[in-house]
Enquirer: 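Okay, handing you the structure first.
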Amino acid sequence: MKRVLITGAAGFLGSHLCDRFIKEGYYVIGMDNLITGDLKNIEHLFKLKEFEFYHHDVSKFIHVPGQLDYILHFASPASPIDYLKIPIQTLKVSSLGTHNVLGLAKVKGARVLVASTSEVYGDPHVHPQTEDYWGNVNPVGPRGCYDEAKRFMEALTMAYHNAHGLETRIIRIFNTYGPRMRLNDGRVLPAFIGQALRGEDLTMFGDGSQTRSFCYVDDLVEGIYRLLLSDHSLPVNIGNPSEITIKEFGEEILKLTRAKQKLISLPLPKDDPKQRQPDISKAREILGWEPKVSRAEGLKITYDYFRSLSSDDLNKVEHRTFNK
Ligand code: UDP
């Protein structure tokens with residue numbers, strides 16, 4: 001049985017990856033320090049003999065006994081509300097944490113896939129974003145702690161690949177959504193659906209003309225799985241190229257939830273990227289991958305998930321700080 005270590009296992013993406021690798025017949029070791037992850041996301045796995053969980057911070061030395069075939073490094077705060085609150089942990093997990101993960105992989109002879117992000121492109125001047133674009137990132141702005149940590153992570157991963165011949169994979173993940181997203185993580189989709197369910201107006205930042213491209217989580221997981229098993233060590237974008245303005249997105253959520261409220265405009269946070277759309281030619285060519293789930297289908301599943309949460313969860317709201 002192949003053994004895979006998944007860091008950030010209790011998070012949104014990590015928990016879906018645990019499910020997928022269990023389904024594929026792997027032995028899964030999940031690791032999380034639970035700063036932003038939630039054990040509820042993986043509690044259904046605890047009864048399985050193919051699953052074990054380590055409550056551990058990967059920024060500290062990692063010890064895992066026995067063989068490891070693959071490591072997926074998905075531990076990191078990933079929403080602006082989180083990394084504004086815990087910027088130092090955000091920097092540490094993708095720098096020190098990545099170093100520990102790569103060191104462990106070297107000792108075990110394991111292949112590593114690290115979760116990078118479209119944020120490495122910053123507020124992009126190239127549209128749609130191709131992997132060979134180097135980006136436009138403000139290192140000292142509010143997103144700097146996340147963007148630069150992920151850029152460092154990519155550089156360190158390539159260095160281990162080149163200097164030690166380690167088998168490495170780098171995925172650049174674009175906005176992804178689905179069940180198990182935290183309702184209060186401040187990102188636009190849970191924010192809008194939460195507001196619709198609570199009977200509040202939807203808080204659109206700026207005039208809503210900024211764009212994003214939303215990928216359903218099952219499509220993303222399929223892309224990750226294919227990239228891990230491929231032999232491609234340079235970064236690959238995975239995301240859904242279907243681009244939409246935040247204003248249109250808010251209108252879609254109002255329609256879906258049949259909410260009677262309206263969109264209201266709040267100030268645009270500093271360094272908020274104006275446009276984002278993945279160029280997925282490389283994923284198509286190398287992995288034979290492209291997204292299958294339409295936004296209409298994905299949003300319906302995600303809305304049903306949020307509706308099933310308790311009113312306690314629904315009312316735990318955190319507000320974003322602006323222009324810091
Ligand atoms: N946004 C918004 N209202 C909210 C939360 C976010 O209009 O309540 C906007 C935000 O300014 C950004 C987009 O939605 O332009 C996506 O934000 P998110 O935090 O989800 O992720 P990002 O892609 O910016 O990292």
Side-chain angles (χ1 to χ4, degrees), residues 12-13 36 76-85 87 90 94 115-124 127-129 135-138 141-151 172-178 181-198 200-217 220 237-254 257 259 261-278 295 298-299 302 306 316-324:
F12 164 47
L13 298 181
T36 56
S76 174
S79 86
I81 215 169
D82 289 335
Y83 47 76
L84 276 174
K85 217 172 356 162
T90 303
S94 288
S116 186
T117 162
S118 55
E119 286 285 326
V120 300
Y121 303 122
D123 190 1
H127 193 73
Q129 291 77 57
N136 174 40
V137 170
N138 174 4
R143 291 174 183 251
C145 62
Y146 185 63
D147 301 8
E148 295 295 358
K150 290 292 190 181
R151 289 169 68 97
R172 292 191 180 145
I173 299 172
F174 284 66
N175 294 68
T176 300
Y177 68 97
M181 268 186 118
R182 239 170 56 223
L183 192 54
N184 65 353
D185 81 357
R187 279 186 281 194
V188 67
L189 185 142
F192 281 179
I193 294 187
Q195 288 158 348
L197 288 170
R198 288 189 300 271
E200 300 166 4
D201 286 336
L202 274 53
T203 55
M204 175 180 75
F205 297 163
D207 63 4
S209 62
Q210 70 274 32
T211 68
R212 293 295 185 273
S213 309
F214 297 97
C215 183
Y216 186 64
V217 64
L220 181 90
N237 290 338
I238 299 283
N240 190 323
S242 164
E243 188 181 4
I244 184 172
T245 66
I246 293 302
K247 184 157 190 262
E248 286 164 336
F249 187 63
E251 284 157 1
E252 276 190 9
I253 301 286
L254 287 173
T257 57
Q261 303 90 278
K262 56 183 186 314
L263 289 172
I264 51 163
S265 176
L266 294 180
L268 190 67
K270 189 171 183 310
D271 295 345
D272 197 288
K274 282 180 273 310
Q275 50 182 3
R276 186 180 289 153
Q277 185 198 27
R295 204 166 48 243
L299 284 181
T302 310
F306 282 133
K316 260 188 248 148
V317 193
E318 290 185 52
H319 293 286
R320 273 191 45 185
T321 38
F322 303 103
N323 299 322
K324 274 215 189 141

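All residue numbers in this chain count up from 1 along the given sequence. As the structure lists them, so they are numbered: ligands from 1, and atoms in each ligand from 1.
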Enquirer: Ignoring hydrogens and angles, tell me if any N or O in the side chain of Asp201 forms a donor-acceptor pair with the backbone of Ile264 under 3.5 Å.
Expert: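 Looks like no, no N/O pair under 3.5 Å.
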
Enquirer: Quick one: does Gln195 get within less than 4.0 Å of ligand 1, heavy atoms only?
Expert: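 Under 4.0 Å: no for Gln195.
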
Enquirer: Do ligand 1 and Arg212 have nitrogen or oxygen atoms that lie under 3.5 Å from each other?
Expert: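 It does: an N or O of Arg212 is found under 3.5 Å from an N or O of ligand 1.
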
Enquirer: State whether Glu248 and Arg295 are salt-bridged, where the test is any N-O pair (Lys NZ or Arg NE/NH1/NH2 against Asp/Glu carboxylate O) under 4.0 Å.
Expert: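 Result for this pair is no, no salt bridge flagged.
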
Enquirer: Check whether the side chains of Gln210 and Thr245 place a donor and an acceptor atom closer than 3.5 Å, and report yes or no.
Expert: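 Looking only at side-chain atoms, Thr245 and Gln210 do not form any donor-acceptor pair under 3.5 Å.
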
Enquirer: For atom 17 (O) of ligand 1, which candidate among Val188, Ile246, Asp271 provides the closest heavy atom?
Expert: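 When every heavy atom of Val188, Ile246, Asp271 is considered, Val188 comes closest to atom 17 (O) of ligand 1.
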
Enquirer: Can Tyr121 and Asn237 be counted as having a side-chain donor-acceptor contact under 3.5 angstrom?
Expert: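 Result is yes, a qualifying pair exists.
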
Enquirer: Quick check against the 3.5 Å criterion: does Arg212 have a side-chain atom that pairs as donor or acceptor with the backbone of Pro273?
Expert: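 Indeed, once roles are kept as given, a pair shorter than 3.5 Å links the two residues.
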
Enquirer: Give the single entry among Tyr83, Phe205, Phe192 that approaches atom 5 (C) of ligand 1 most closely by any heavy atom.
Expert: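 Result: the heavy atom closest to atom 5 (C) of ligand 1 is in Phe205.
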
Enquirer: Would you find a donor on one side and an acceptor on the other, under 3.5 Å apart, between the side chain of Gln277 and the backbone of Ser213?
Expert: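 No, because the side chain of Gln277 does not come within donor-acceptor range (under 3.5 Å) of the backbone of Ser213.
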
Enquirer: Which part of Thr203 is near ligand 1, with near meaning a heavy atom under 4.0 Å away: side chain, backbone, both or neither?
Expert: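 Answer for Thr203: both.
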
Enquirer: Between the candidates Arg276, Glu119, Lys247, which shows the shortest non-hydrogen contact distance to atom 23 (O) of ligand 1?
Expert: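 Among Arg276, Glu119, Lys247, the closest heavy atom to atom 23 (O) of ligand 1 comes from Arg276.
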
Enquirer: Check each atom of ligand 1 against the heavy atoms of Gly186 and keep those under 4.0 Å away; list them by number with element.
Expert: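 Result: 5 (C).
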
Enquirer: Could you tell me whether Gln210 approaches ligand 1 through its side chain, its backbone, both or neither, with non-hydrogen atoms closer than 4.0 Å?
Expert: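 Gln210 to ligand 1: side-chain contact only, backbone stays beyond 4.0 Å.
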
Enquirer: Of the options Arg143, Lys274, Lys270, which is the one that meets Asp123 in a salt bridge (charged side-chain N to carboxylate O under 4.0 Å, His left out)?
Expert: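 That would be Lys274.
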
Enquirer: Would you call Asp207 and Lys247 a salt bridge, taking side-chain N to carboxylate O under 4.0 Å as the test?
Expert: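 Answer for the salt bridge query: no.
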
Enquirer: Is Met181 touching ligand 1 with its side chain, its backbone, both, or neither, if touching means heavy atoms under 4.0 Å apart?
Expert: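 The answer is neither.
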
Enquirer: List every atom of ligand 1 that sits less than 4.0 Å from any heavy atom of Met204, numbering the atoms from 1 in the order shown and giving each element.
Expert: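 That gives atoms 7 (O) of ligand 1.
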
Enquirer: If the cut-off is 4.0 Å to any non-hydrogen atom of Ala191, which atoms of ligand 1 fall inside it?
Expert: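 Taking each heavy atom of Ala191 in turn, ligand 1 has 8 (O) under 4.0 Å.
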
Enquirer: Below a 4.0 angstrom heavy-atom separation, can you tell me which part of Asn175, side chain or backbone, both or neither, approaches ligand 1?
Expert: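 Asn175 to ligand 1: side-chain contact only, backbone stays beyond 4.0 Å.
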
Enquirer: Quick check: does Pro80 get an N/O under 3.5 Å from an N/O on ligand 1?
Expert: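 In this structure, Pro80 places no N or O atom under 3.5 Å from an N or O of ligand 1.
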
Enquirer: Are Thr211 and Glu243 close enough that a side-chain donor and a side-chain acceptor fall under 3.5 Å?
Expert: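 Indeed, the side chains of Thr211 and Glu243 share at least one donor-acceptor pair under 3.5 Å.
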
